Structure formats: structure tokens, C-alpha cells
Amino acid sequence: MQIPSNNPSDALGSTSGDLPSTQNEEQVPTYTGPGFITEIPELAGLTPAQLYELNQGLMDEAMPQRPLIDQIVPMAVLRAEYENGSASFVKQIDYLVSQSYTGIRRTRGDGDCFYRSLAFRYVERLLNSQEPTMSVVTAISTLESRLPMLEAAGFQPLVYDDFYETLSSIIRRVVQPDDSGTTLTLPLLLEAFQSPEVSNSVVVFLRLLTSAQIRTDPDEFAPFLFHPEIGEPMTPREFCETFVEAVGKEADHVQMTALARALKIDFSVAYLDGRSPDGHVDFVKFNEGVDDGLDPLVLLYRPGHYDVLEKRTDEVPLVG
Amino acid sequence: MAAIASRRLAKELKEIHTQGCPVGIQLLSADNFEEWHLSLEVMGESQYQGEVFALKFRFESQYPISAPAVQFIVNERYTSPVHPHVYSNGHICASILGNEWSPVLSVIGVCVTLQSMLASCKKKERPPDNDRYVRHAPDNPKQTRFHYHDDTV
């Protein structure tokens with residue numbers, strides 16, 4: 001297993017102070033429950049209902065309703081958000097642009113952003129494939145071959161069937177018309193991933209795949225399973241139940257390695273952490289050595305959040 | 001209701017009808033895909049010997065991606081079990097029903113977890129903040145952001 005020098009969990013939190021406030025989507029204030037709030041004198045006079053409302057207000061403010069996944073925007077948009085904040089982030093953004101990463105497709109900061117970003121690009125790459133039928137058949141057969149692994153991990157078909165069906169039917173639609181007679185296009189893919197039912201179903205399926213990969217290969221993964229906050233070692237089962245299967249739990253290195261393996265894909269993650277003196281950005285590769293001829297899948301990590309990195313500034317697909 | 005919740009609940013219901021419930025758990029009512037009732041009894045030796053409780057599940061359209069709202073039914077027939085994580089109004093403070101919910105869990109899975117939560121109880125007592133919580137609690141326990149007392153459930 002690869003252990004890159006630049007561990008995202010180190011970056012998480014330690015540099016988040018550099019982010020402009022609108023970017024702190026992951027840091028949602030939590031209401032610790034009626035019995036525990038009186039330690040804060042200003043809040044002691046409020047009823048739990050009032051506190052709940054106050055907290056909801058803060059959450060809504062902290063989480064503007066960005067679409068689950070958005071259209072591509074130029075990197076300049078991201079750069080503008082850091083211009084008055086952190087010079088080191090701006091430098092790193094300029095570096096990415098110099099490497100032809102001129103656009104970004106942003107996702108909502110709801111803890112599912114890694115899985116959602118990856119899933120979107122995973123399907124979009126099939127759309128862009130030179131040999132779409134071949135690519136679709138390969139993807140479907142890989143996914144199908146993973147179903148026994150899900151069962152071996154202890155998931156009943158009842159648990160994963162519907163989620164698998166959602167993802168596999170989107171993938172099939174790349175080459176096969178659906179009931180309405182249309183095949184998948186980029187706008188339709190975006191629409192699907194912006195609908196919570198479809199989008200979240202795909203996210204859940206990727207979570208289950210990730211979990212099953214870890215649970216069924218404990219020798220490979222167990223040494224790397226630690227509680228992200230307290231650092232204690234965890235068993236595959238505990239880790240997967242708490243930090244993989246649970247909706248809204250962000251992915252870290254272990255999950256990413258497991259998912260690359262389960263999907264048989266290569267991808268890389270650019271770590272924008274504001275800590276490089278010369279603006280250099282590390283790309284951490286999750287490399288399964290796959291030769292699928294598809295365009296590279298690159299995600300952008302900023303402390304606590306993932307988006308898709310693009311070599312174009314708007315939705316017009318890259319030619320060739 | 002969106003397709004996903006009803007599709008999944010239809011499968012769960014079929015499984016309950018064909019395979020039955022685990023010992024101590026019984027389906028009381030499941031006439032729609034919005035609200036189900038099940039009874040819960042702790043088998044063998046426990047603090048709750050001879051007591052039968054009932055659980056109310058309420059489902060949103062995004063179930064099983066979003067957690068069901070689960071609480072013990074409190075009415076003329078049923079009471080809320082006296083337990084450090086269960087309030088007298090039937091609300092339950094359990095992380096699997098909140099931030100550790102996962103679509104891997106099912107209605108029966110939740111019942112089994114709560115059954116073992118009761119079975120492992122050493123001392124029957126209410127949560128320390130019971131009176132205050134119950135006075136102000138919202139109707140739907142999912143609107144409460146519980147501070148989980150510990151992670152043993």
C-alpha cells in the first residue's frame with residue numbers, strides 16, 4: 001500500500017485556518033444536546049428548541065445550497081476566493097493552472113464529496129471514451145465481479161441491489177438508450193448527479209464497495225485503520241461501520257486506496273494545502289496500473305474537501 | 001414518496017414475511033411506507049425480563065440513505081424502557097440513528113441493535129437530562145442533535 005509523504009489527515013484541520021470563511025463548508029457547528037449546553041453562559045437561557053433553531057441557522061449559513069455537483073468553472077473563480085486570504089493557496093492555484101488544470105467542478109461540502117466527485121468523473125470518462133462500448137462493458141463487468149465481494153463482506157443483496165442498479169443503469173445508458181430513447185449526455189449526467197436520489201445512491205454504492213474491499217482484505221488494510229480523531233487502531237469492521245459506510249463521513253487515504261482497487265481505476269489527487277513555499281502541488285497517485293485508455297481522473301483536495309480538477313474552463317468537452 | 005424508499009421497504013417487508021423476524025421482534029403494523037411499528041422483547045436474563053416494548057419507525061423519501069426516525073412508543077399499552085440512553089418520551093440517544101447511520105442497517109437491523117442495547121444494560125435509569133429534554137423535545141427525534149453518551153451502542 002502506498003503511503004504518500006503528504007498525508008491528507010495531517011492537512012485536515014491544521015491548515016484550515018487559511019481558508020476563506022465561505023470555504024469552511026465541512027466545519028459545521030454541532031449542537032451537543034440539551035443536557036450539555038449550559039456550560040456556555042450566553043446560551044444557558046435558551047430552550048432546547050431555541051438552541052436547535054439557532055444551530056440550524058448556523059448550519060444553513062455554513063452550508064449554502066451549492067448543487068450536489070456543479071458545472072465547471074474557471075480556476076480564476078477559486079483563485080478569487082483566496083486572493084484576500086492566503087497567498088500560499090493562490091500560489092498553488094497558479095501552479096495548477098500552469099499545469100493546464102484551468103477548471104474545477106465543485107461539489108457540495110457534505111462529507112460525500114470525495115465519492116461524488118470520483119463517481120461523476122468515473123462515468124464522465126466513459127462518455128468521453130474513444131471506444132465507449134468497450135469501456136462500458138469493462139466497467140460493468142468489473143462492478144458485477146464485485147457483487148460477490150459485497151456478499152462476502154456481509155452485505156445482503158437487499159442492502160446493495162438498488163444502489164448497484166442505479167449506478168449500473170447510468171453506465172449502461174452511455175451506450176444504450178433508456179426508456180425515453182435517449183443515451184446519456186454530459187448535461188443529463190450532471191442532472192442525474194444533481195438529483196439527490198440518484199447521486200446519493202451512487203455515493204452509497206461506492207461506500208459499500210470501499211467497505212467491502214477493506215473488510216475482505218484485512219491483511220492489506222488493517223495496519224492502516226486508525227480513528228481519524230483519536231488515532232487509536234480500529235478493526236476493519238469498526239472502521240468501516242463508522243467511517244466508510246456511514247453517510248457523510250469523509251474519505252481518507254485508506255478509503256481512496258480501497259476504492260481504486262475495487263473499481264480497478266487509476267486516479268490522482270492534487271493536494272492544495274497552502275503549505276508549499278514555492279507553490280508546488282503534490283499529486284498523490286492511487287495507481288492500480290490500469291491501462292484503460294480513458295482520460296485521467298484527477299481530484300482536487302483542499303483541507304476537508306474534494307472537487308474535480310479539469311483541464312477545461314467550461315462544460316465543452318475536450319476534443320480527442 | 002420517491003421510489004428509493006418504497007423499493008427498499010418493499011424488499012425489507014417481503015423478507016420479514018418470508019423469513020420471519022429474529023426472536024423477540026415482531027411486526028405490529030406495516031401498512032404503508034411511511035410508518036411501521038414493531039414490538040421488541042429482550043430474551044433471556046436481563047433487566048427487562050417480561051417487558052414488551054414497541055418501536056415506531058418513520059421513513060423519509062430518502063430512506064435508507066437517510067436514517068429512519070425511531071422511537072419507543074409510549075401510550076396506554078406500551079412504555080419507554082428505563083435505560084440510560086432512552087428518554088421517558090421514547091426518544092433514543094443512539095449514534096446509529098444519527099451520525100453513524102448507514103444504509104447497511106435495516107429496520108430489523110435497528111431492532112436487533114436496540115435489543116442488544118437493552119440486553120447489555122446493567123442498571124435501569126433514565127438519562128441524567130431526561131426531564132429537561134422531555135419538556136422541550138421535538139415530536140420527531142431526528143430533529144434533536146444528540147450528544148451521544150458513549151459509543152457502546
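Letters A, B, ... are given to chains in the order of the sequence lines, protein chains preceding strands, and every chain is numbered from 1. Remember, it's a predicted structure, so these values are computed and weren't measured experimentally.
- Neither the backbone nor the side chain of A:F243 comes within contact range of chain B; no heavy atoms are under 4.5 Å apart.
- Both the backbone and the side chain of B:E12 come within less than 4.5 Å of a heavy atom of chain A.
- The pair A:E124-A:R105 counts as a salt bridge, with a side-chain nitrogen and a carboxylate oxygen less than 4.0 angstrom apart.
- If you measure heavy-atom distances from B:P103 to chain A, the contacts under 4.5 Å come from both the backbone and the side chain.
- Residue B:Q47 qualifies as enclosed at atom CD: its count of foreign heavy atoms under 6.0 Å is above 12.
- Interface remark: A:T166 contributes side-chain atoms only to the contact with chain B (heavy atom separation under 4.5 Å).
- Between chain B and the options A:S211, A:G154, A:S201, the largest number of non-hydrogen pairs under 4.5 Å is found for A:S201.
- Side-chain contact, B:N89 with B:Y133: no donor N or O sits under 3.5 Å from an acceptor N or O.
- Only the side chain of A:V204 comes within contact range of chain B, judged by heavy atoms closer than 4.5 Å.
- The closest side-chain heavy-atom distance from A:L184 to A:R172 is not below 4.5 Å.
- A salt bridge does not link A:R106 with A:D70: every distance from a Lys NZ or Arg NE/NH1/NH2 to an Asp or Glu carboxylate oxygen is 4.0 Å or more.
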